[in-house]
K.L.:
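Handing you this structure, nothing more for now.
In this text the structure is predicted, and so the values were computed from the model without any measurement. Keep in mind that the numbers below use all heavy atoms, side chains included, and drop hydrogens, waters and symmetry copies. Numbering starts at 1 and runs along the sequence shown.
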Amino acid sequence: MRACIVITAGALLALAGPARALEVSFDAYVDLRLVAPPGERGWIDGGLGKFRFGAAQPSPNFRFAEAVGQGTLAVDDDLQAVAVLRLEPEQRSGLDVLEAYGSWRPQAQGSWRWSAKAGAFFPPVSVENDDLGWTSPYTLTPSAINSWVGEELRTIGGEATLAHASDWGTLSASAALFCCNEPAGVLIAWRGWAMDDRPTGLFERVRVPDATMALFHRPFPARTGLFENIDGRLGWYARLGWDIPGWGQIAALRYDNRADPAAHNARDDAWLTRFWNVSLKSRLFGVAILGQALHGDTAITDALSGVTRVTKFESAFVLLSYDLGDWRVAGRAEAFNTRASSGTMMNEDGHAFTAAVSWYAADWLRLSAELLAIDSRRRERLLEGGPIGRSDTQFQLGARGFL
């Protein structure tokens, strides 16, 4: 995968020919938190919890959450190379890469414009997470949909976009080919939905629930890679978007990693993962309105029995946000579920509500408070001696300093 990132990003930069003027910029933030975690052991620690933090953490928990830095090399006005790195206590390597890519966006030719990017980057799924380091400007914790996108998905390949502007707005079409994301689907099937603001690093191996490993008679604790080239196949996605003047944006995306569900390597399995995603972003009477819905499935074939297990998953949310001077208030409601062909033990239903307040105290400082409540049912909790249904809350105070 390292070679794939370097080759694809380097090839795109080479398209510009000799560099005329190089400009380097750097943006970063440091994030400190005070957390009152829920009572269930979090999935990062091998449990079935739905939050970034859990019972294995002290309460209250004052901690350094992370530091993220983005370096940008502008070759000229059209061509850039970008790298995003994160320093975080839960990463076993300490420092990891979230994105590394080159982008080329030539000037518009009349009403038409096109662009391309290559390397490793997040697919254009989210309407929330458009800030530095796959973060949201509305809440500390993104929705279940975009938490999962940050955890399991990364485009390691190339994407091209063509856009046309008219009196009716701007229509855009994007398409991408990518490799090295065959394990995507393992978390949504084996752990279910979660809500956390911790995207997976490109070279990280994440924990899978101990209960799931016990259910399938596998040794635990266990970890899985997510950005691996297991079967040599290329995946794809395609997106259509419409920016409507005075109203907002609507978009639809189809994703298919085209993995062979029977393929595996020495450590990890391939999962065939496909989904539809639709989204809208608008504003009415000063209130930002965001909505997103995702529906898909993921499949794996058991190497011993030859049985293919399919997990269907879906989630949707609506987020409202209002700015008042230096303050921003936001609220989000969402629902999610999974359905597994292997039996009801892995099925899941849930809903969540999030309320957040942010104060931009200075150009370099944002202070936030967030309350997140999740109700969920998952029979797999019986394997840990817990009830099937849980109602958990997490409260956080965050201080984010920007450079």
Side-chain angles (χ1 to χ4, degrees), residues 31-67 86-96 98 134 140-142 144 147-148 150-152 183-201 203-227 267-268 336 338 345-346 348 350 352 370 372-398:
D31 195 328
L32 303 177
R33 302 280 179 91
L34 179 62
V35 185
E40 188 174 18
R41 184 163 60 114
W43 72 272
I44 292 176
D45 297 312
L48 293 169
K50 299 298 180 188
F51 298 86
R52 178 175 181 175
F53 308 105
Q57 308 286 338
S59 182
N61 182 9
F62 179 73
R63 61 181 293 141
F64 162 67
E66 62 191 11
R86 180 184 61 195
L87 180 68
E88 197 257 356
E90 301 294 340
Q91 287 175 173
R92 305 180 87 184
S93 61
L95 183 68
D96 207 336
L98 297 181
W134 188 251
L140 288 172
T141 307
S147 295
W148 176 67
E151 292 162 356
E152 292 217 60
V186 58
L187 291 182
I188 200 70
W190 284 358
R191 177 210 61 191
W193 294 99
M195 297 179 67
D196 64 78
D197 58 326
R198 188 189 179 280
T200 305
F203 305 113
E204 187 175 2
R205 297 186 61 81
V206 299
R207 186 88 172 260
V208 289
D210 296 346
T212 307
M213 294 295 96
L215 180 65
F216 291 110
H217 308 289
R218 296 193 178 194
F220 61 88
R223 293 182 176 269
T224 180
L226 289 166
F227 312 117
R267 298 192 296 178
D268 302 316
F336 53 84
T338 66
M345 187 66 73
M346 307 290 285
E348 178 174 277
E370 177 188 87
L372 173 55
I374 300 179
D375 288 322
S376 64
R377 292 178 56 83
R378 188 177 181 90
R379 291 182 60 84
E380 193 179 4
R381 287 191 174 113
L382 294 173
L383 300 179
E384 294 188 329
I388 296 174
R390 286 191 61 99
S391 297
D392 286 305
T393 59
Q394 176 179 269
F395 179 73
Q396 297 187 81
L397 294 175

K.L.:
If I compare all heavy atoms of A211 with all of L383, which pair ends up nearest, and what's the gap?
P.N.:
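Closest heavy-atom pair between A211 and L383: O-CD1, 3.6 Å.
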K.L.:
How long is the straight-line distance from CZ of F336 back to CE of M195, given to the nearest 0.5 Å?
P.N.:
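Output value for this atom pair is 7.5 Å.
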K.L.:
Mind checking the CD1-CZ spacing from I44 to R198? Nearest 0.5 Å is all I need.
P.N.:
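Those atoms lie 5.0 Å apart.
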K.L.:
Is a side-chain donor-acceptor pair under 3.5 Å present for E348 with S376?
P.N.:
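Judged by distance alone, the side chains do not pair up.
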K.L.:
Rounded to the nearest 0.5 Å, what separates atom NZ in K50 from atom CG in D392?
P.N.:
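Spacing of NZ (K50) from CG (D392) equals 10.5 Å.
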K.L.:
Using a strict threshold of under 4.0 Å (side-chain N to carboxylate O), is an ion pair present between E90 and R63?
P.N.:
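Answer for the salt bridge query: yes.
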K.L.:
Inspect the surroundings of CZ in R223 and state if more than 12 heavy atoms from other residues, nucleotides or ligands are less than 6.0 Å away.
P.N.:
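Atom CZ in R223 is crowded, with more than 12 foreign heavy atoms closer than 6.0 Å.
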K.L.:
Charged N to carboxylate O below 4.0 Å: is that the case for E88 and R52?
P.N.:
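The answer is yes: the pair qualifies as a salt bridge.
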K.L.:
Scan R41, R378, R390, R379 and name whichever one has a salt bridge (Lys or Arg N to Asp or Glu O under 4.0 Å) with E384.
P.N.:
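Single pass found, and it is R41.
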K.L.:
Any side-chain heavy atom of T141 sitting closer than 4.5 Å to one from F51?
P.N.:
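Of all side-chain heavy-atom pairs linking F51 with T141, none is under 4.5 Å.
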K.L.:
Going by heavy atoms in the side chains, are I388 and R381 under 4.5 Å from each other?
P.N.:
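I388 vs R381: side chains apart.
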K.L.:
Side chains of E380 and M346: closer than 4.5 Å at any heavy-atom pair?
P.N.:
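Yes; the side chains approach each other to less than 4.5 Å.
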K.L.:
Would you please name every residue forming a side-chain hydrogen bond (donor to acceptor under 3.5 Å, both in side chains) with E151, sequence neighbours left out?
P.N.:
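Only R191 meet the side-chain hydrogen bond (donor to acceptor under 3.5 Å, both in side chains) criterion with E151.
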